[in-house]
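Worksheet: one structure, shown below.
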Amino acid sequence: MKLVIGVVRPEKANDVLEALYRADVRGLSLSRVQGHGGELDRVETYRGTTVKMGLAEKVRFEIAVSEPFVQPTIDALCEGGRTGEVGDGKVFVVPLEQVVRIRSGEVDRGAVTPVQGS
Amino acid sequence: MTSPILAQATGVDTGDTAWMLIATALVLMMTPALGLFYAGLVRAKNTLNTFMMCVGAIAVATVTWAAVGYSLAFDEGNGFVGGLGHAFLQDVTFEPRPDTTIPHLLFFAFQATFCIITTALVSGAVVERMRFGAFLVFAGLWSVLVYAVLAHWAFGGGWLQAGGTLDFAGGIPVEMGSGFSAFAAALVVRQRKDYGRQALLPHNSVYALLGAGLLWFGWFGFNGGSGFSTGEPSVLAFVNTLLTPACTLLVWFVLDLMRSRQVTAIGAATAIIVGCVGITPAGGFIGPGWAMLLGALAALPSYAFIVWRPRTGLDETLDVLAAHGLAGLTGILFIGFFAQESWNGVADGLVYGNPAQLGDQALAVLAAPAYAFVATYLILRFVGLIMPLRGTGYDEASGMDVTEHGEEAYTSGEGAILVVPEAGVEEEVAVGRP
């Protein structure tokens with residue numbers, strides 16, 4: 001089991017969701033985050049104050065998957081999130097110790113596989 | 001310069017002038033109110049750009065109106081367009097304009113606010129994708145070539161007015177003019193890139209309701225001032241501006257209930273606009289009872305169109321055609337049926353034995369939309385030749401606020417690094433000590 005974390009552009013979040021759906025990946029969390037990945041800073045001006053927006057808005061996907069789904073999930077994040085410009089984001093894959101489904105007490109593989117899934 | 005005694009001698013009425021000063025300010029307020037209404041209906045990342053289109057219209061249309069627009073609309077000319085006798089406010093003085101009891105200068109300012117809001121209205125068709133600079137250029141050309149011409153037809157002694165068509169406060173130039181121009185603008189500028197692919201939802205319904213409320217407030221000056229006096233037509237139009245939108249609201253509630261079993265807030269905001277638009281041409285011409293019927297009837301075509309339009313490829317983003325074009329058209333035709341000489345002192349409609357009035361009204365319904373559509377289409381094609389009309393796909397995806405204005409509506413300040421510090425930096429205040 002792996003936890004796949006994808007940080008993508010907010011405007012590409014819908015495309016990523018669509019790609020994940022097509023890859024049959026179900027069960028994910030999504031949060032709005034701010035971060036810096038070395039992209040160019042954006043300059044904004046408010047009256048006399050000029051600021052460099054050092055942190056960019058991103059959307060962070062967290063998807064826990066069983067082994068056969070790891071690669072399709074990574075592919076979906078890359079395919080849905082890519083524009084080719086600096087600032088498209090990153091995918092992190094980390095090992096997962098344990099997963100428990102709170103309702104039934106199922107653990108691990110049973111728990112990461114959505115109820116209607118395969 | 002002019003003493004009150006002299007003002008009276010030249011035919012200026014102080015009461016009328018006082019009311020028209022206030023009415024002018026009320027109508028000017030409608031444009032920022034429209035900005036608020038529109039800003040609520042777009043996505044959060046386009047809030048400022050959408051609002052700025054309305055602010056931009058104030059800047060551009062005021063200048064073009066003072067330069068040539070007012071003259072082309074209200075100077076004597078031919079049936080199609082006025083002359084240039086009042087260009088750059090020539091001979092626009094404290095002397096009252098003929099047939100009015102207010103200073104000519106004030107008459108000019110009141111009409112300027114109409115040109116401004118009409119220009120701002122058209123932006124509703126193209127927000128979330130059109131470049132701000134291209135819109136300003138378009139606004140300058142449109143305010144002269146479309147608005148001033150239609151205003152001449154309806155108010156300035158042009159062929160429709162001369163032929164007997166009745167339009168109290170702007171069903172022809174303002175409502176049908178903006179609505180059918182919006183239709184053409186949406187076709188030329190084309191869909192937003194996410195249209196039909198993603199849900200494009202209003203981001204703040206409270207803005208929309210507050211904007212609609214302020215528009216209604218301003219509309220009392222818009223309709224109530226269009227008699228240019230404190231006389232009976234103004235009072236009638238003022239009161240009808242209360243009655244008609246209230247009826248539109250109630251009917252809209254019922255339609256919403258029938259469609260989705262819930263009364264919606266965005267629907268209510270839309271209904272207020274539709275009702276105000278419906279009574280705009282008819283305000284001073286129909287009795288209060290008929291005004292209430294008009295409110296109920298005006299809801300139907302606009303509601304049907306707003307439900308149907310998003311299922312088509314026409315991304316007329318904020319439904320200017322439905323809310324202004326169709327409701328204005330309904331109001332113009334309604335006069336042909338229910339105008340009542342005992343109320344307006346001018347003419348009867350079909351119901352009161354004068355079928356010819358309906359013919360005059362029908363003529364306006366055919367001519368004004370056709371002119372607005374064709375002229376707007378050509379203007380935008382022309383502007384498109386000199387500069388790109390739309391932002392890039394990246395601009396659209398990031399939001400027009402950041403890419404066009406370098407600002408955000410809802411900035412948190414987190415992650416913002418000061419580049420040019422504000423002057424007079426004081427010693428840092430220690431945080432967290434008693």
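It should be emphasised that the depicted structure is a prediction, and the values quoted were computed from it without experimental measurement. All chains are named by letter (A, B, ...) in the order of the sequence lines, taking the proteins before the strands, and each is independently numbered beginning at 1.
- Within a 6.0 Å sphere centred on CD of Glu67(A), heavy atoms belonging to other residues, nucleotides or ligands number more than 12.
- Contact record, Glu11(A) with Ala397(B): CB-O, 3.4 Å, taken as the closest heavy-atom pair.
- The neighbour count for Phe217(B) CZ, taken as heavy atoms of other residues, nucleotides or ligands under 6.0 Å away, does not exceed 12.
- Taken from OG1 in Thr50(A) to CG in Leu418(B), the straight-line distance is 8.5 Å, to the nearest 0.5 Å.
- Counting heavy atoms from C-beta outward, His405(B) and Glu44(A) have side chains that stay 4.5 Å or more apart.
- Considering only heavy-atom pairs separated by less than 4.5 Å from chain B, the leading option among Glu18(A), Lys12(A), Lys52(A) is Lys52(A).
- Under the 4.5 Å side-chain criterion, counting only non-hydrogen atoms from C-beta, Met53(A) is in contact with Thr411(B).
- Contact count versus chain B (heavy atoms, under 4.5 Å) is highest, among Gln34(A), Glu57(A), Glu85(A), Arg9(A), for Gln34(A).
- The backbone N or O of Thr83(A) lies less than 3.5 Å from no partner atom in the side chain of Tyr394(B), so there is not a single donor-acceptor pair.
- Counted within 6.0 Å of CD1 on Ile102(A), heavy atoms from surrounding residues, nucleotides or ligands total 12 or fewer; the atom is thus considered open.
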task: Could you give me the CA-CA distance, side-chain angles and deciding distance for Gln198(B) and Asp15(A), then say whether side-chain contact (heavy atoms from CB on, under 4.5 Å) is met?
output: CA-CA 10 Å; Gln198(B) 290 176 19; Asp15(A) 293 341; 4.2 Å; yes

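- Both the backbone and the side chain of Glu407(B) come within contact range of chain A, with heavy atoms under 4.5 Å apart.
- Contact of Glu396(B) with chain A is not made at all, since no heavy-atom distance falls under 4.5 Å.
- The local environment of CZ in Arg190(B) is sparse, with at most 12 non-hydrogen atoms from other residues, nucleotides or ligands closer than 6.0 Å.
- More than 12 non-hydrogen atoms from other residues, nucleotides or ligands lie less than 6.0 angstrom from CZ of Arg309(B).
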